[in-house]
Amino acid sequence: MFSKKIYTDRRAVLQQKVKKGLVLLMGNELSSMNYPDNTYHFRQDSTFLYYIGLDLPGLTAIIDLDKKKTMLFGRESTIDDIIWTGPQPSLRELAAKSGIQKVLPPSKIAAIIKKAKKSGQAIHFLPPYRPENKIKLSEWLGVPIRGLSCISCIPLVQAIIEQALIKGKEEIREMEKALAITADMHLTAMQTAKVGMTEAQVTGKVHGVAISAGGNLAYPIILTVNGQTLHNHYHGNVLKRGQLLLGDFGAETAMHYAGDITRTFPISKKFTKKQKDIYELVLDMEESSIAACKAGVLYKEVHLNAAKILVNGMKDLGLMKGDTEEAVAAGAHALFFPHGLGHAIGLDVHDMEDLGEDLVGYTDEVKRNPQFGLRSLRFGRALEKGHVMTVEPGIYFIPELIDQWESKGKFKNFINYPKLEKYRDFGGIRIEDNVLIMARGQKVLGPRIPKTVAEIEAIRGGI
Ligand code: GLY
Ligand code: MN
Ligand code: MN
């Protein structure tokens with residue numbers, strides 16, 4: 001945990017923004033996998049971690065904005081709990097670490113909410129994403145699960161997003177730690193992968209690095225020779241000479257701050273000429289986009305600029321043609337780059353996505369564009385000092401998408417379909433880093449992870 005002051009200060013900021021009513025913050029429960037006692041790895045809710053900091057299942061907090069006090073609800077350990085799971089600090093000791101004096105059993109929550117409802121006090125809650133919390137919320141509010149509309153969540157959600165998107169120094173230090181572990185994970189992959197191994201064997205080594213560092217994964221590992229499948233979690237392929245291996249994985253620290261890095265490297269010692277051409281184009285998209293990330297700049301513009309670099313590069317390779325601006329405006333580049341340039345990152349790898357992707361990444365002035373490709377851009381608004389963003393362009397050759405577009409004659413004035421035939425089995429390349437927006441310019445967080453062709457070939461050549 002951070003110091004008590006961090007949590008009391010964060011709650012004081014929320015108090016100033018939301019002003020009146022009760023703020024209900026639900027921690028997560030243990031969630032069963034295949035029978036009640038065999039549970040998934042516990043992951044605390046990120047908003048609960050942000051304002052309360054306590055990393056145990058079964059906790060709830062209520063911030064009474066009118067009385068300016070916070071209550072923590074939870075169950076004290078019984079002798080049975082101690083026998084099976086060991087001694088735990090008392091709830092009072094835990095609450096004190098977060099600057100909370102009032103501790104109550106969860107059985108009191110329903111009555112407190114009922115009384116608040118009766119007296120007309122607003123009850124602010126967040127959109128629940130776990131079934132257990134949906135059930136509890138439905139019972140506490142006396143509203144059926146289907147009726148848990150989150151229209152009334154919006155003022156609280158907006159206040160939280162506005163506060164938590166701007167990272168404090170203590171958070172940046174945690175993210176630097178996450179990225180130091182993540183850098184070790186990527187180096188391990190580059191130093192481990194050999195012809196004849198399975199993707200699973202490399203994945204196991206990489207996962208081990210995250211666990212050994214005292215944290216875990218920020219999201220399930222993508223490590224695949226089929227990088228053209230964007231969220232590919234299959235790890236059964238055997239690595240073959242000439243293939244590319246795309247690894248998109250990151251650690252979360254013991255305090256749950258995330259790293260999210262992608263590197264793509266050849267299974268052979270060197271890239272082929274064809275691979276190197278596309279790799280260097282993606283690297284140009286990535287490095288130019290990082291340099292363009294500045295306070296006041298719309299992230300949507302950074303995305304569109306990356307798309308223009310893609311089109312110019314693909315024209316040089318003879319895979320696209322026509323006017324670059326027109327191709328990007330029409331969305332022709334999205335055949336090769338169907339996802340967004342990046343997203344905010346923090347306690348969640350997609351920061352606060354549970355609160356609503358559009359509320360995090362868009363505003364009344366900057367709205368999501370429904371065009372294929374752009375519609376997958378999670379964040380379009382202006383960058384601000386203290387934002388931490390991923391920058392993760394890619395170029396993919398997705399045979400099914402190429403075939404579908406070609407059969408419809410889609411964008412045939414911009415795409416050289418006959419020449420694409422030779423790239424059907426190319427796969428995909430993505431390069432991703434995490435970037436802090438500064439008062440002036442930006443900073444790539446974490447240690448440098450080999451990224452240029454020369455850096456990667458130096459490692460691959462030595463194994
Ligand atoms: N790791 C998933 C992503 O890059 O968003
Ligand atoms: Mn990623
Ligand atoms: Mn990402």
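Counting starts at 1 for both ligands and their atoms, in listed order. The figures that follow rest on heavy atoms only: side chains count, while hydrogens, waters and symmetry mates do not.
- Between F249 and H186, the ring-plane angle classifies as parallel under the 30° and 60° cut-offs.
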query: Given the rule in the ring-ring contact (aromatic ring centres under 6.0 Å, His included) test, do F397 and F336 qualify, once you have shown the distances and angles that lead to the verdict?
result: CA-CA 6 Å; F397 295 86; F336 308 107; 5.6 Å; yes
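- Pairs of residues two or more places apart, or lying in two chains, that qualify as side chain to side chain donor-acceptor pair (under 3.5 Å) and include a residue from residues 440-459 are E176-K443, E286-K451, D433-K451, R448-E455, T452-E455.
- By the 30° and 60° cut-offs, the orientation of the rings of F414 relative to F411 is tilted.
- When the salt bridge (charged side-chain N to carboxylate O under 4.0 Å, His left out) test is applied to E432, no partner is found at least two apart in sequence or on another chain.
- Residue contacts with ligand 1 leave out V349, since none of its heavy atoms falls under 4.0 Å from the ligand.
- N312 and T324 are linked by a side-chain donor-acceptor pair at a separation below 3.5 angstrom, with hydrogens and angles left out of the test.
- Within ligand 1, the atoms closer than 4.0 Å to a non-hydrogen atom of E432 are 4 (O), numbered from 1 in the order shown.
- At the shortest separation from atom 4 (O) of ligand 1 among protein heavy atoms lies E392 OE1, 2.8 Å.
- Under a 4.0 angstrom heavy-atom cut-off, R430 registers as lying outside contact with ligand 1.
- What sits closest to atom 5 (O) of ligand 1 on the protein, heavy atoms only, is H350 NE2, 2.7 Å.
- When non-hydrogen atoms are compared, ligand 1 lies under 4.0 Å from the side chain of Y219 (C-beta onward) but not from its backbone.
- Looking at residues two or more places apart in sequence or on another chain, you find a side-chain contact (heavy atoms from CB on, under 4.5 Å) between S98 and M1, Y7, R11, I52, I100.
- Closest approach of V391 and C293 over heavy atoms only: CG2-SG, 4.0 Å.
- Applying the 6.0 Å contact sphere to NZ of K315 captures more than 12 heavy atoms from other residues, nucleotides or ligands.
- For H231, no nitrogen or oxygen atom sits less than 3.5 Å from a nitrogen or oxygen atom of ligand 1, counting backbone and side chain alike.
- Q44 places a side-chain N or O within donor-acceptor distance of the main-chain N or O of L54, the cut-off being under 3.5 Å.
- Among the backbone and side-chain atoms of H343, an N, O or S atom lies under 2.8 Å from the Mn ion (ligand 3).
- For atom 3 (C) of ligand 1, the nearest protein heavy atom (residue, atom name, distance) is D260 OD2, 3.5 Å.
- The set of protein atoms (N, O or S) found at less than 2.8 Å from the Mn ion (ligand 2) reads D248 OD1, D248 OD2, D260 OD1, E432 OE1, by chain and number.
- Ligand 1 places these atoms under 4.0 Å from at least one heavy atom of D248: 1 (N), 2 (C), 3 (C), 4 (O).
- Side-chain atoms of S32 do not come within 3.5 Å of backbone N or O of N34 as any donor-acceptor pair.
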